[in-house]
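Per chain, numbering begins at 1; letters A, B, ... match sequence-line order.
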There are 2 protein chains.
Amino acid sequence: MSDERAVNARTTYRHGDLREALVEAGVEMAREGGPRAVVLREATRRAGVSPNAAYRHFTDRDALLQVVSDTCLGFAADRIEAEFDAHPPTGDAEADARMMLRSVGTGYIGFAREEPGLFRTAFSVPDNLQRAGDASKAGRRGRTPFQLVGLALDALVATGVLPPERRPGAEFQAWATVHGLGMLVIDGPLRGLTDPMIDAATERLLDMVDRGL
Amino acid sequence: MSDERAVNARTTYRHGDLREALVEAGVEMAREGGPRAVVLREATRRAGVSPNAAYRHFTDRDALLQVVSDTCLGFAADRIEAEFDAHPPTGDAEADARMMLRSVGTGYIGFAREEPGLFRTAFSVPDNLQRAGDASKAGRRGRTPFQLVGLALDALVATGVLPPERRPGAEFQAWATVHGLGMLVIDGPLRGLTDPMIDAATERLLDMVDRGL
DNA sequence: ATGTTCATGTGTACACTGTCCACAAGAGTA
DNA sequence: TACTCTTGTGGACAGTGTACACATGAACAT
């Protein structure tokens, strides 16, 4: 019963939860070096297990990366929800809905800046509309980032800020805008700008979305 | 003088222009498989040269990828300029300026869809504001994509569509938006959507920029 | 308790990668 | 003609993903 979970030393032949251990190791590597740093052999090493053991849980190195990537998306969702919590409803339904959409944006960018490795990893694996709401990509509260944008937009429609006829597909506009900014901040021309400058750029961008949606 | 350029067979000891040949090989690999497919040894193989010969021209595999990436950005610029050409000025300066910005967007997305591998490669290497206008990233007409957005925005200011006080930093908004859509189309939730659907999403996004800038 | 089964981990091996080192070829110059 | 410096070669090594055959032991049926 002395189940040394996180520690790589183990006495039993069976690991206990190797799959989870590999994913956690993968996330840690991704945090430091992005998707390229997610190395299968290194993950098994950190889990204190032989390289081939990984193949009992993942068909491929890419399969591991896929799961790691999904996990990272879940973290992004958590970060966005944290932003929600930081701006609780005031009672002004319209302003609250607006703030909700902004929170998606600021949370998203915050995640990109605080965890660039995880951010890059989250979007290094091809996705599609079917998988966008997949439970494996959800955060602690069970929602994916993509669903969170949708929620914010629904609130905008409910309070009459956004005309219903503009609702369908609106997540793509909001998403693309914020995602683009995230990429620019991490790997693009905006790299190395000071925090206040990035904050300003974020605010302007969200203003644009607010006006133009 | 029988300089068999593109062919990998060569008679002389010296290659002639190995550096260029390696870059071209790299671009071809990037076209098929994105940045991960840019393999140094394979490039030398295609150039008909031993693996280590590459190190006379690039310090690193990453150095090669950097140059390949810059080249891809140049292609993106070409694609955008082609979109300019497809929509020549009509005489209505205001409408022309608007169309110019739209062309940046449609050209950009067009490039992403037509050459996903090159697009991914172009943005796989970290960049910064200093390098954004670097000549190595320019297209045939000597302008980088980033500079082309700037040009379009300048035209909007010149025709009075965009208030001058909003000009500084506006390329970041335009760029982020379009870049984000590009990523969504290639690797994100919008992957696999039909062309008309993507066209519609692009139009809506550009409308948003037009309204909200 | 005992034997069997089958998921899970091990060991060996191979092809392939990036990269280091010492050496070779030969174009350009003294 | 001899010397030099750039460019390409050959061999080697560590590290990676992954295939195959084998070992272990937890769970379950007897």
Review point. Taking CG from L65(B) and C1' from dG18(C), how many angstroms apart are they, rounded to a whole number?
Key: 13 Å
Practice item. Calculate the interatomic distance between L22(B) atom CG and dT7(D) atom C1'; express it in whole Å. Key: 12 Å
**Study point:** Nearest-Å distance for atom pair CG/P, residues L40(A) and dG9(C)
**Key:** 13 Å
Review point. Do S50(B) and N52(B) pass the side chain to side chain donor-acceptor pair (under 3.5 Å) test, and can you show the C-alpha distance, the side-chain angles, and the key distance before you say yes or no?
Key: CA-CA 6 Å; S50(B) 87; N52(B) 282 324; 5.6 Å; no
Review point. Which of these nucleotides, dT10(C), dG17(D), dT19(C), is closest to any side-chain atom of R61(A)?
Key: dG17(D)
Expected rows: protein N/O vs nucleotides 24-28 of chain D N/O, under 3.5 Å:
unit_1: dG25(D); atom_1: N2; unit_2: R14(A); atom_2: NH2; d: 3.3

Check your understanding: Would one find a side-chain N or O of H57(B) under 4.0 angstrom from OP1 or OP2 of dG8(D)?
Key -> yes
Study note, to complete from the structure: Of the candidates dA13(C), dG18(C), dT9(D), the side chain of Y55(B) sits closest to dG18(C)
Review point. Is there a donor-acceptor pair closer than 3.5 Å between any side-chain N or O of S69(B) and the backbone N or O of L65(B)?
Key: no
Review point. Does the separation of the ring centres of F119(A) and F75(A) fall below 6.0 angstrom?
Key: no
Check your understanding: Does N52(A) get its side chain close enough to the base of dG17(D), under 3.5 Å, for a donor-acceptor pair?
Key -> no
Review point. Can a salt bridge be assigned to the pair D187(A) and R120(A) using a cut-off of 4.0 Å between side-chain N and carboxylate O?
Key: yes
Check your understanding: R19(B) CZ to dT6(D) P: how many Å, rounded?
Key -> 16 Å
Exercise for review: Using heavy atoms to find the nearest nucleotide of DNA chain D for R56(A) and E42(A) separately, return the residue whose nucleotide is more 5′.
Suggested key: E42(A)
**Study point:** Polar side-chain contact R41(A)-dT18(D) base: donor and acceptor under 3.5 Å
**Key:** yes
**Study point:** Charged N-O contact under 4.0 Å between D207(B) and R102(B)
**Key:** yes
Check your understanding: Looking at the side chain of R45(B), which of dT17(C), dT10(C), dT18(D) is the nearest nucleotide?
Key -> dT17(C)
Check your understanding: Any side-chain heavy atom of D199(B) within less than 4.5 Å of one from R113(B)?
Key -> yes
Point to revise | Nearest heavy atoms of A47(A) and A21(A), plus distance in Å | key: CB-CB, 4.2 Å
Review point. For L64(B) and dT19(C), what is the distance between atoms CG and P respectively, to the nearest whole Å?
Key: 10 Å
Check your understanding: If you find the nucleotide of DNA chain C closest to S50(A) and the one closest to V39(B), which residue's nucleotide is nearer the 5' end?
Key -> S50(A)
